[in-house]
Amino acid sequence: DLTADLGLPRQTIHRVLQQLCDNGLIIRDPSRDRYAVGPRLSQLAMATLNSDNHRAPLRAILTEVVADVEETCNFGVLDGLEFMYLDRLECSWSLRVHLSAGSRVPAHCTSGGKVLLAHLDPELRNALIRSRKLDKFTENTITNPDLLERELDEIHTQGYALNDQEHTLGVIGAAVPVINGEGRALGALALHGPSQRLTLAAAKRHIPRLRAAAVQLANVWSRNSY
């Protein structure tokens with residue numbers, strides 16, 4: 001595939017791939033003779049996403065959304081089967097969930113994680129959610145890969161994800177993808193709050209506001225990505 005796409009000799013491509021593997025930028029799956037993103041490349045990508053080039057406008061947009069929805073909001077990206085917060089802004093309510101930027105939560109049972117899993121290539125998504133056991137955190141956590149895939153298909157169709165106490169009892173969430181001009185999900189914009197204050201219906205009503213902010217974020221990302 002790489003030879004056809006790049007127009008380079010196979011020997012050259014094999015040599016470059018080996019160098020990338022040696023430096024931890026990619027990893028080889030010997031069972032299928034395929035390659036995937038390696039740990040050092042993931043770290044480099046995360047460092048880039050956390051740079052000040054993106055943080056200032058991202059924080060400004062999050063501030064506006066939190067003021068409108070009056071719940072904690074965050075922006076994060078998918079890293080394997082984890083959803084990592086790149087930035088997070090707490091609401092002013094005393095009853096809230098305290099997590100910091102850089103925190104990681106399971107993707108299969110959080111709204112931000114699920115909406116990004118839903119936008120993966122189907123073959124990659126299938127392999128990813130079957131690569132290890134899906135841990136159960138509450139009675140609402142989906143741990144069956146087939147059931148999870150069906151929900152992810154629905155999420156992709158409707159364009160948003162909800163979290164009904166699937167990771168933490170008493171916490172409701174909602175998320176939308178941030179889509180660039182090529183149709184790729186760059187990350188997810190999410191909100192969450194305690195079920196005593198935020199119902200699923202209320203979270204769903206905030207989806208249009210999240211979508212509007214996601215468009216702003218995509219525009220910012222496009223301007224700052226060169």
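Keep in mind that the numbers below use all heavy atoms, side chains included, and drop hydrogens, waters and symmetry copies.
One N or O on the side chain of T199 and one on the backbone of A202 form a donor-acceptor pair closer than 3.5 Å. Of the possible donor and acceptor atoms, none in the side chain of K114 sits under 3.5 Å from a partner among the backbone N and O of C109. Without hydrogens or angle criteria, T141 side chain to E166 main chain gives a donor-acceptor distance under 3.5 Å. Distance alone, capped at 3.5 Å, is enough to place a donor-acceptor pair between the T138 side chain and the N140 backbone.
By the 6.0 Å contact criterion, NZ on K136 is enclosed, its count of non-hydrogen atoms from other residues, nucleotides or ligands being greater than 12.
In the hydrophobic cluster analysis, where Ile, Leu, Val, Met, Phe, Trp and Tyr join through side-chain heavy atoms closer than 4.5 angstrom, L81 is grouped together with L124. F137 and I129 fall into different hydrophobic clusters, where Ile, Leu, Val, Met, Phe, Trp and Tyr side chains are chained together by heavy-atom contacts under 4.5 Å. Both L152 and L120 are members of a single hydrophobic cluster when ILVMFWY side chains are connected at heavy-atom separations under 4.5 Å. Taking hydrophobic clusters as Ile, Leu, Val, Met, Phe, Trp and Tyr residues chained together by side-chain heavy-atom distances below 4.5 Å, L117 shares a cluster with Y85.
Residues L116 and F83 are in side-chain contact: their nearest non-hydrogen atoms beyond the backbone lie under 4.5 Å apart. Annotation: side chain of I172 is in contact with side chain of D164 (closest heavy-atom distance under 4.5 Å). For the pair E151/H108, no side-chain contact is recorded, criterion being any heavy-atom separation below 4.5 Å from C-beta on. Contact check for T143 versus D135: no side-chain heavy atoms found under the 4.5 Å cut-off. For the pair D153/Q158, no side-chain contact is recorded, criterion being any heavy-atom separation below 4.5 Å from C-beta on. Contact annotation: the side chain of R211 approaches that of I207 to within less than 4.5 Å [non-hydrogen atoms, C-beta and beyond]. Contact annotation: the side chain of V178 approaches that of F75 to within less than 4.5 Å [non-hydrogen atoms, C-beta and beyond]. At least one side-chain heavy atom of V69 sits less than 4.5 Å from a side-chain heavy atom of C73.
Partners of N126 under the side chain to side chain donor-acceptor pair (under 3.5 Å) rule, at least two apart in sequence or in another chain, are E149.
Exactly one residue among V65, T72, N74, L198 makes a side-chain contact (heavy atoms from CB on, under 4.5 Å) with L191. That residue is L198.
Between E71 and R197, at least one side-chain nitrogen of the basic residue sits less than 4.0 Å from a carboxylate oxygen of the acidic one, meeting the salt-bridge criterion. Under a 4.0 Å N-O distance rule, the pair D121/R184 does not qualify as a salt bridge.
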Go through it in stages, so that I can follow the logic: the residues are L62 and L189, the test is side-chain contact (heavy atoms from CB on, under 4.5 Å), and I'd like the CA-CA distance, side-chain angles, deciding distance and then a yes or no.
CA-CA 9 Å; L62 281 179; L189 178 62; 3.5 Å; yes
